[in-house]
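Working notes for the structure below.
These values consider heavy atoms only, across backbone and side chains, with no hydrogens, waters or symmetry-generated copies. For this chain, numbers begin at 1 and follow the sequence in order. As the structure is a prediction and not an experimental result, all values here were calculated from the model. Whatever order the structure lists them in is the order used to number ligands and atoms, beginning at 1.
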Amino acid sequence: MPAHVIDGKATAATVREEVADGVAGFVALHGRAPGLVGIQVGDDPASEIYQANKAKAAEAAGMVARRITLPDSTTQAELDALIDELNADDAVDGMLVQLPVPEQLSEPLIANRIHPDKDVDGFAPVNLGRLMRGEPGNVPCTPQGVMRMLRDAEVPLVGARAVVVGRSLIVGKPQSMLLLAEHCTVTVAHSRTVDLPALCRTADILVAAVGRPEMIRGDWVKPGAAVMDVGMNRTDDGLCGDVAFDEAVEVAGWITPVPGGVGPMTIAYLLANTLEAAHRRAGDNLKGTAA
Ligand code: GUN
């Protein structure tokens, strides 16, 4: 029997409705809407689309969204000055600098400069440390989206063998921490992993986040496994994931498509993080909120 195909668009719509309800509650409590600022340096067309979509989604959820676009030649000192200004601005609950940035800018310096409470990407060292410690903080959006899909699909997590293919700071590393927190036995695989197909075949939960079009084949998948495809690869034939969907769907128990799978969850959890950041900054008890 083919796998259950997890509908990321529908799940993301549910999260966004939850956030919109939560935003209404925040406004009732504080008389202002949560504020999100997206910073883009340069005019990369993909970043342009991401930034526009993030701002549109934030506004649709009832937040105040601001987009700031800086020239390609922006220096680190100029970007730092803007980040400092936004750190000090009480109307700003969350901010992000769209990646990648031009080469004269340093991603680690940016991640260290944004106040951890406003770092709704969850990339700041303090937030990644909190995640590892199991303390409350801003958690990277895409891995949170994957966990929500697993939870909603009622994929068994406790004691499950999870293999995360990819060790990026944005997905692979935080994903492994979130799966571990749910009592999975987690292996993080990467380009130097020996016999990756055999390792993948041991996975009850397989998260693909390598950025290599359709690298993971159907015969790498354990029958009945949950296959979560984080890949977003632009090829001559259009957008595809890291998993050969047509093959894997025949073997897996659950699978996410590309597009329409994990992708829409990233923005949904950016909104959830912004609402949560707003509550945290306001000193609210987060229990009972959508965040
Ligand atoms: N570029 C690709 N994905 C992301 C993301 O989640 N956050 C930011 N800031 N930039 C990105």
N/O separation below 3.5 Å, [X] to ligand 1:
X	value
Y50	no
T142	no
L99	yes
L96	no

Problem set entry | Minimum-distance protein heavy atom relative to atom 9 (N) of ligand 1 |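 Answer, as residue, atom name and distance: D121 OD2, 2.7 Å.
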Problem set entry | Heavy atom of the protein closest to atom 11 (C) of ligand 1 (residue, atom name, distance) |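 Sorting protein heavy atoms by distance from atom 11 (C) of ligand 1 puts Q98 NE2, 3.4 Å first.
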Exercise. Do other residues, nucleotides or ligands put more than 12 heavy atoms under 6.0 Å from the CD atom of E135?
Worked result: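 For E135, atom CD is crowded (more than 12 foreign heavy atoms under 6.0 Å).
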Exercise. Take atom CZ in R212; do more than 12 heavy atoms of anything else shown fall under 6.0 Å from it?
Worked result: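 No, not enclosed.
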Exercise. Is at least one protein non-hydrogen atom found at under 4.0 angstrom from atom 3 (N) of ligand 1?
Worked result: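 Under 4.0 Å from atom 3 (N) of ligand 1, zero protein heavy atoms found.
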Exercise. Side chain, backbone, both or neither: which part of V97 has a heavy atom under 4.0 Å from ligand 1?
Worked result: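 Backbone only.
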Problem set entry | Polar contact flag, side-chain donor to acceptor under 3.5 angstrom, D121-N138 |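 Absent: no donor and acceptor within the cut-off.
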Exercise. Under the salt bridge (charged side-chain N to carboxylate O under 4.0 Å, His left out) criterion, do R66 and E59 qualify, and how do the steps go?
Worked result: CA-CA 9 Å; R66 216 171 117 198; E59 274 171 5; over 6 Å; no
Problem set entry | Ionic contact status for R148 with D152, cut-off 4.0 Å |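 The answer is yes: the pair qualifies as a salt bridge.
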Exercise. Only one of L199, V165, V164 clears side-chain contact (heavy atoms from CB on, under 4.5 Å) with T187; which?
Worked result: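 For T187, the side-chain contact (heavy atoms from CB on, under 4.5 Å) test succeeds with only one of L199, V165, V164, which is L199.
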